[in-house]
Amino acid sequence: MAHVIAVANQKGGVGKTTTTVNLAACLANAGKKILIVDDDAQGNATSGVGIEKPQVKKDIYNVLVDEEPIDEAILHTSHKGVDIVPATIQLAGAEIELTSQMAREMRLKLGLAPVLDKYDYILIDCPPSLGQLSINAFTASNSILIPVQSEFYALEGLGQLLNTVKLVQKHFNPDLAIEGVLLTMYDARTNLGTQVISEVRSHFGEHVYETVIPRLTRLAEAPSYGEPIVDFDPRSRAAKVYEDLAKEVLAAHGE
Ligand SMILES: Nc1ncnc2c1ncn2[C@@H]1O[C@H](COP(=O)(O)OP(=O)(O)OP(=O)(O)O)[C@@H](O)[C@H]1O
Ligand SMILES: [Mg+2]
């Protein structure tokens, strides 16, 4: 049975997609079967694993809005053990279209149900907002992994995120847990990053991963080649840090 993890933070550009793609590849290298769900109309996870948008016939929009079977939308990626439900720009209409539909918060949960047995982990790359697409992700997930950028305003907005988590727990998914808080884009040359790390640790305690993702150019370069870092530059420090994160995630699940 898959463990479903929403990678979420409504703040833009904090490393959600980078973490989804690279954690997926590292978990697959550890022998796990992984499904990425691209839940963002930007489709960055889709292109990040080498899928060309014009070749996508069915995507997450068809699953959420048209309730089409998810297996028709699942594609293999270039990385062995990683599949993806892609997203294209048509997903941009989903927030509004879902508003008038029945059981709109449950669409992703219902869509994923038939493939839960086929994967060990399902990682949902959430959009930078707390609308229907994120609510669907939280309703469908066992837990939420929150990337937090190691900068001054990092904690701003997290209250709102946790509030939404509480609402989803109350109405749709009482078992939704915090998977972990991941510090990203850490710059060791500034005191600020170090300050933010201790602030985040004092707020979230043991939820914060030991692994901190530094700001590393290689991580920003890999997506334009459509490859996770472990394929793009397997010996790099960037590959190593996401391998470390995968180990922590597996250990948290007793693996
Ligand atoms: N550790 C890192 N070091 C350097 N660059 C990074 C790192 N993590 C992410 N980036 C780059 O920063 C940008 C934002 O990262 P990413 O797309 O993963 O964030 P996001 O939270 O998914 O953004 P959005 O909210 O738009 O979906 C991207 O260009 C990415 O390549
Ligand atoms: Mg993203």
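The figures that follow rest on heavy atoms only: side chains count, while hydrogens, waters and symmetry mates do not. All values derive from a computational prediction rather than experimental measurement. All ligand and atom numbering here is 1-based and tracks the order in the structure.
- Taking distance alone, with nitrogen or oxygen atoms compared against 3.5 Å, Gly13 approaches ligand 1 more closely than that limit.
- Taking any N or O of Thr18, backbone or side chain, at least one lies under 3.5 Å from an N or O belonging to ligand 1.
- Between Gly15 and ligand 1, at least one N/O pair is under 3.5 Å apart.
- Interface of Gly12 with ligand 1, defined as ligand atoms under 4.0 Å from a residue heavy atom, comprises 25 (O).
- Atoms of ligand 1 found under 4.0 Å from any heavy atom of Pro128, numbered from 1 in the order shown, are 25 (O).
- The part of Asp40 lying near ligand 1 is the side chain, judged by heavy-atom distances below 4.0 Å.
- Nearest heavy-atom pair across Ala239 and Asp233 is CB-O, 3.6 Å.
- Using a 4.5 Å cut-off on side-chain heavy atoms (C-beta onward), Lys16 and Thr184 make no contact.
- Below 3.5 Å of separation, one finds no N or O of Ile213 facing any N or O of ligand 1.
- Lys57 approaches Asn62 most closely through the heavy-atom pair O-OD1, 4.4 Å.
- Evaluated by nearest non-hydrogen atom to atom 4 (C) of ligand 1, the leading choice among Leu216, Leu219, Val241 is Leu216.
- Residue contacts with ligand 1 for Pro214 involve N, CA, C or O but no side-chain atom from C-beta outward (heavy atoms, distance under 4.0 Å).
- Comparing Gln42, Gln10, Lys11, Arg218 against atom 27 (O) of ligand 1, the shortest heavy-atom distance belongs to Gln42.
- A salt bridge links Glu221 with Arg218; the closest basic N to acidic carboxylate O contact falls under 4.0 Å.
- The shortest contact between atom 11 (C) of ligand 1 and any protein heavy atom is with Ala220 CB, 4.2 Å.
- Counting heavy atoms from C-beta on, the side chains of Ile144 and Phe138 come closer than 4.5 Å.
- The distance from ligand 1 to the heavy atoms of Val14 drops below 4.0 Å at these ligand atoms: 19 (O), 20 (P), 21 (O).
- Here atom 7 (C) of ligand 1 lies nearest to Met185 when heavy atoms of Arg215, Met185, Glu221, Gln149 are compared.
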